[in-house]
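Indexing begins at 1, ligand by ligand and atom by atom, following the structure's order. Throughout, residue positions are numbered sequentially from 1 according to the sequence presented.
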Amino acid sequence: MNYFRCKAFCIVLILFCLASASLQGQKNYKADKKLQQEFKDNFVKAVSQYKLLGANRPAGKFPKTWFPATGKYEWSNSGWWCSGFYPGSLLYLYEQTGDTALYKEAMIMLAELEKEKNNTGTHDLGFMMYCSFGNANRMAPLPGYNDILLTSARSLATRFNAKTGCIRSWDSKGSDFLVIIDNMMNLELLFWATRFSGDSSFYKLAITHANTTMKNHFRPDHSSYHVLNYDTATGMVKQKRTAQGAADESAWARGQAWGLYGFTVMYRETKDRKYLEQANHIANFILRHPSLPADKIPFWDFNAPGIPAVLRDASAAAITASALIELSEYTDPKKAVSYLKAAAVILKTLSGNSYKANPGTNGGFLLQHGVGHLPAGTEVDVPLTYADYYFIEAMIRYNKLR
Ligand code: GLY
């Protein structure tokens, strides 16, 4: 065998081994058929819930939440960080059921959302544009989607600062430069932009942000801070604190879930094993935490004072379940089985009466008991668009398991 043939053979062999290793992990897990059937029923019920939500939606507005105590909705405009989740959920549900009314409603929302491609005042463009247009483009590409997504990636990239090595999350004054762990979720859009355009600068920027986050945002136990304040003059970290968690040193549940999902995507997109290790560490932190209840729906903060008499957060649970199912594709068989078992417990709990709303209730949202921003007293113990989005995504991912 000549050198080049031998090299090609070795590469094919390595790729084959990697592929079989990941298949092996999932092969050792037997998907729960009853649960998969239940998810199919959930999709059908979700369609009628989302039609209710759509029927109540004022023109030009995006669903934000609904308050069980008053029966009143809160709506947002397209600039709110969650504006991509409602169209994204409609598209996922259309994909599962073929109900064209949902696709039509999604198209109305995308038309409203498109202008945000030029929004350079937020880091949330990944959430807003990739969960919506990204899914639309994947499912049924239309002329214009690529341009909208690329423009969004360019807008997001304007927030990168070479001194700090990060994309700015929230605007601030002076030399303050605020970065939140949630920002890991916006990087997927940048990877798409490099794949589509061939411009590697988006890819490099995502890697730099992830590496800086890995270095500074995490504690020795692999939990993460919510907010880091960098100094734009020196690039150094000035402050590590929280905004939505219980305390600066606590582990805000959704923040841990964003980190888990974000580093899983980093491994998918780069195949750099340091990101896989990071995702495994975060998964261990979540799944082995002494305050995680047996049903695996976390309290809103792993260190919330008053546990167990405090609120759970269905959104953190749904994001975690979806991330664990993807992570199980990449990790060793033993971990894969434990991740899939944990994800199944989460999804089973969310599908039960305590979390899944009865048809015709909950304002048309699917899940109850999400916690948006408890310290600010906003969106506390309510349905949330992102809880629904990641719940649907996780069920779709689980139903693909054999
Ligand atoms: N800042 C996004 C979130 O509440 O998770």
Could you give me the CA-CA distance, side-chain angles and deciding distance for K356 and N42, then say whether side-chain hydrogen bond (donor to acceptor under 3.5 Å, both in side chains) is met? CA-CA 9 Å; K356 196 182 70 187; N42 283 354; 2.8 Å; yes
Please confirm whether W81 comes within less than 3.5 Å of ligand 1 when only nitrogen or oxygen atoms on both sides are compared. no
Regarding ligand 1, does Y386 bring an N or O atom to under 3.5 Å of one of the ligand's N or O atoms? no
Apply salt bridge (Lys or Arg N to Asp or Glu O under 4.0 Å) to R154 and D147, showing your working. CA-CA 10 Å; R154 288 201 181 108; D147 179 58; 5.5 Å; no
Answer yes or no for K204 and F202: cation-pi contact, defined as NZ/CZ to six-membered ring centre under 6.0 Å and angle to ring axis within 45°. no
Regarding ligand 1, does D182 bring an N or O atom to under 3.5 Å of one of the ligand's N or O atoms? yes
State the atoms of ligand 1, each with its element, that fall below the 4.0 Å cut-off from a heavy-atom position in Q244. 1 (N), 3 (C), 4 (O)
Would a line drawn from the ring center of Y29 to the ring center of Y339 be shorter than 6.0 Å? no
Using a strict cut-off of less than 4.0 Å between a Lys/Arg side-chain nitrogen and an Asp/Glu carboxylate oxygen, indicate whether D221 and R219 qualify as a salt bridge. no
Distance-only N or O hit between ligand 1 and W170, under 3.5 Å: no
Out of all atoms in ligand 1, which are within 4.0 Å of some heavy atom of R254? Include the element for each. 3 (C), 4 (O), 5 (O)
